[in-house]
Enquirer: 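One structure, as structure tokens, below. Some questions next.
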Amino acid sequence: TIPMQPDTLAARRKLNLSAKRYIALMPGSRRQELDHLLVPFLQTAQWLLQKDPTLRFVTACVNEEREQQWRQALTSFPNLPID
């Protein structure tokens, strides 16, 4: 059950999110989706960060293989603040 009025402060504390504004990067959960979409998502995040340096980004990985795919792609974007 998801409450109609979620406790956003409690969620931020639980996830250890301290910045004011986060953007979720969610290019997909399958290898093929990430193969096609991950780099354009990261390029867009980099562009947004240049426009507003206070932004932070979050994502989720469905398993360790997708996490490794993310980590590999992030080597080309070392300055992106992604949790």
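In this chain, numbering begins with 1 at the start of the sequence shown.
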Enquirer: Under the rule for side chain to side chain contact (heavy atoms under 4.5 Å, CB included), what residues qualify as partners of A24, not counting sequence neighbours?
Expert: M26, V58
Enquirer: Extract all donor-acceptor atom pairs below 3.5 Å that involve side chains of residues 70-83 and protein atoms in other chains or at least two apart in sequence.
Expert:
residue	atom	partner	partner atom	Å
R71	NE	E67	OE2	3.2
R71	NH2	E67	OE2	2.7
T75	OG1	Q72	O	2.6

Enquirer: Mind listing the side-chain donor-acceptor pairs of residues 30-38 below 3.5 Å, one per line with the distance, residues two or more places apart or on another chain?
Expert:
residue	atom	partner	partner atom	Å
R31	NH1	D35	OD2	3.1
E33	OE1	S29	N	2.9
E33	OE1	R30	N	2.9
D35	OD1	Q69	NE2	2.8
H36	ND1	Q32	O	2.8

Enquirer: Treating Ile, Leu, Val, Met, Phe, Trp and Tyr as nodes and any side-chain heavy-atom pair under 4.5 angstrom as an edge, say whether L9 and L17 lie in one connected cluster.
Expert: no
Enquirer: Measuring from L49:CG to R56:CZ, what's the distance to the nearest 0.5 Å?
Expert: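 L49 CG to R56 CZ: 6.5 Å, rounded to 0.5 Å.
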Enquirer: Among residues at least two apart in sequence or on other chains, which ones pass side chain to side chain contact (heavy atoms under 4.5 Å, CB included) with N16?
Expert: none
Enquirer: Check which hydrophobic residues are tied to I2 through side-chain heavy-atom contacts below 4.5 Å, counting indirect links as well, and list them.
Expert: none
Enquirer: Give a yes or no on whether V39 and L25 share a hydrophobic cluster (residues Ile, Leu, Val, Met, Phe, Trp, Tyr; joining criterion: side-chain heavy atoms under 4.5 Å apart).
Expert: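 V39 and L25: one cluster.
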Enquirer: Can you tell me if Q50 has over 12 outside heavy atoms packed within less than 6.0 Å of its CD?
Expert: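 Yes, CD of Q50 has more than 12 neighbouring heavy atoms, counting only those of other groups under 6.0 Å.
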Enquirer: State which residues pass side chain to side chain contact (heavy atoms under 4.5 Å, CB included) with D52; sequence neighbours excluded, sorted by chain then number.
Expert: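 Partners of D52 by the side chain to side chain contact (heavy atoms under 4.5 Å, CB included) criterion, ordered by chain and then number, come out as R21, T54, L55.
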Enquirer: The criterion is salt bridge (Lys or Arg N to Asp or Glu O under 4.0 Å); which residues satisfy it with E65, sequence neighbours excluded?
Expert: none
Enquirer: Going by the side chain to side chain donor-acceptor pair (under 3.5 Å) test, which pairs reach into residues 3-14, not counting sequence neighbours?
Expert: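 Found none.
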Enquirer: Of all the heavy-atom pairs spanning Y22 and F57, show the shortest one and how long it is.
Expert: CD2-N, 4.1 Å
